[in-house]
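Take a look at the structure set out below.
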Amino acid sequence: GAGLIPGSTPQFRPGYEGLFPGTALVDGTYVRTSVDGTSVDPRRSFYTGPSRSDADIFGSALTLSYDFGPVQFKSISAYREVLSDFARDLVSSPVPLATVDSYDQNQFSQEIQFLGELGDGRIDYVLGGYLLSEEGENSNLVATTVGDLGSGGSIDNKSLAAFGQANIRITDSLTLT
């Protein structure tokens with residue numbers, strides 16, 4: 001088949017091999033060797049744990065503006081949600097050592113701005129406020145040969161801020177902020 005670059009051929013290489021002791025780079029691919037140094041079929045994986053990656057990510061933003069004449073109003077709203085589930089074998093060996101991760105998070109932000117000019121346009125300003133609300137849960141199950149371990153945590157953040165800035169044009173080439 002044709003690749004993205006004229007004259008190239010796309011290649012697919014499975015991702016189950018990695019660079020760790022017992023591998024060698026031969027003709028551009030990693031070849032696993034056994035303890036006694038003999039070559040092992042590179043298509044064989046010692047992966048014993050679960051393998052999955054599932055992430056659903058959604059985001060949306062909305063900006064609204066209205067001009068009241070001397071003052072402009074702007075509202076910037078955003079929402080984001082992440083629902084994910086991952087599992088992997090930590091060492092790709094015949095010994096089962098796997099982890100299962102779950103990460104769910106959502107956040108909402110709202111910014112409000114008031115923009116305007118004063119003094120015949122010599123001063124322009126912005127005043128506003130910002131809100132961020134974020135919640136999430138991260139849980140990890142680490143399965144080992146001696147038992148399962150649980151880890152992770154939760155997120156519950158709220159942030160509020162107020163801001164302002166003014167630019168004062170002293171001359172045509174000098175502005176004070």
Side-chain angles (χ1 to χ4, degrees), residues 1-20 28 49-90 92 98-143 148-177:
L4 293 175
I5 300 171
S8 69
T9 303
Q11 296 180 357
F12 173 74
R13 291 190 178 139
Y16 60 80
E17 292 290 333
L19 182 59
F20 55 90
S51 176
R52 71 177 172 275
S53 178
D54 180 25
D56 296 318
I57 302 169
F58 170 79
S60 181
L62 176 66
T63 301
L64 300 173
S65 299
Y66 189 79
D67 191 340
F68 288 99
V71 176
Q72 295 175 337
F73 171 78
K74 185 185 285 188
S75 170
I76 305 168
S77 307
Y79 178 78
R80 177 183 154 164
E81 183 174 280
V82 176
L83 303 171
S84 60
D85 186 38
F86 307 97
R88 67 191 174 281
D89 184 334
L90 295 175
S92 295
T99 181
V100 178
D101 301 327
S102 174
Y103 180 71
D104 298 335
Q105 183 255 8
N106 64 66
Q107 69 183 43
F108 171 78
S109 64
Q110 177 65 54
E111 181 173 336
I112 294 174
Q113 299 177 0
F114 296 95
L115 304 102
E117 291 183 348
L118 300 171
D120 295 329
R122 292 181 50 99
I123 300 171
D124 60 68
Y125 66 89
V126 60
L127 299 171
Y130 180 80
L131 162 75
L132 171 71
S133 176
E134 175 187 31
E135 296 176 349
E137 185 79 25
N138 183 16
S139 62
N140 313 102
L141 176 65
V142 180
D148 295 344
L149 306 171
S151 70
S154 62
I155 302 164
D156 189 5
N157 293 322
K158 306 271 188 278
S159 297
L160 287 171
F163 59 88
Q165 178 177 324
N167 298 312
I168 304 167
R169 278 181 278 297
I170 308 246
T171 68
D172 288 343
S173 58
L174 179 63
T175 302
L176 175 66
T177 299

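FYI, the numbering just counts along the sequence from 1.
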- [ ] In sequence, state the C-alpha distance, the side-chain angles, and the governing distance for N106 and Y79, and then conclude on side chain to side chain contact (heavy atoms under 4.5 Å, CB included).
- [x] CA-CA 7 Å; N106 64 66; Y79 178 78; 3.5 Å; yes
- [ ] Determine the interplanar angle of the F68 and F73 rings, folded into 0 to 90°, and report it as parallel if under 30°, tilted if 30 to 60°, perpendicular if over 60°.
- [x]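 Ring orientation of F68 relative to F73: perpendicular.
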Open item on the list: I'd like to know whether R169 forms a side chain to side chain contact (heavy atoms under 4.5 Å, CB included) with I123, so could you lay out the CA-CA distance, the side-chain angles of the two residues, the decisive distance to 0.1 Å, and finally the verdict.
Closed with: CA-CA 6 Å; R169 278 181 278 297; I123 300 171; over 6 Å; no
What is the distance from atom [atom1] of [X] to atom [atom2] of [Y], rounded to the nearest 0.5 Å?
X	Y	atom1	atom2	result
L132	E111	CG	CD	11.5 Å
I112	Y130	CD1	OH	12.5 Å
S139	D101	OG	CG	8.0 Å
D85	D104	CG	CG	8.5 Å
S65	I76	OG	CD1	7.5 Å

Open item on the list: Do V71 and Y66 make a side-chain contact, defined as non-hydrogen atoms from C-beta onward lying under 4.5 Å apart?
Closed with: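 No, side chains not in contact.
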Task: Polar contact flag, side-chain donor to acceptor under 3.5 angstrom, T177-N167 - done: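 On atom types as modelled, these side chains qualify, holding a pair under 3.5 Å.
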Task: Short side-chain donor-acceptor distance under 3.5 Å, N157 and E134 - done: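 Judged by distance alone, the side chains do pair up.
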Task: Expected output: side-chain S77 to main-chain Q110 donor-acceptor under 3.5 Å - done: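 Checked: no pair found.
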Task: Heavy-atom closest contact (K74 atom, T63 atom, distance) - done: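 Taking K74 first and T63 second, the nearest heavy atoms are CG-CG2, 4.1 Å.
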TODO: Start with the C-alpha distance between F163 and Q113, add both sets of side-chain angles, then the distance that settles side chain to side chain contact (heavy atoms under 4.5 Å, CB included), and finish with yes or no.
DONE: CA-CA 9 Å; F163 59 88; Q113 299 177 0; 4.1 Å; yes
- [ ] Start with the C-alpha distance between Y125 and I168, add both sets of side-chain angles, then the distance that settles side chain to side chain contact (heavy atoms under 4.5 Å, CB included), and finish with yes or no.
- [x] CA-CA 9 Å; Y125 66 89; I168 304 167; over 6 Å; no
Task: Residues which pass side-chain contact (heavy atoms from CB on, under 4.5 Å) with D156, listed by chain and number, not counting sequence neighbours - done: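 D156 satisfies side-chain contact (heavy atoms from CB on, under 4.5 Å) with E135, K158 once adjacent residues are dropped.
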Open item on the list: Here's a test for you: under side chain to side chain contact (heavy atoms under 4.5 Å, CB included), which of N138, L83, I57, V82 qualifies with Q105?
Closed with: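 Option passing the side chain to side chain contact (heavy atoms under 4.5 Å, CB included) with Q105: V82.
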TODO: Check the pair S154, E137 against side-chain hydrogen bond (donor to acceptor under 3.5 Å, both in side chains), reporting the backbone distance first and the verdict last.
DONE: CA-CA 4 Å; S154 62; E137 185 79 25; 4.6 Å; no
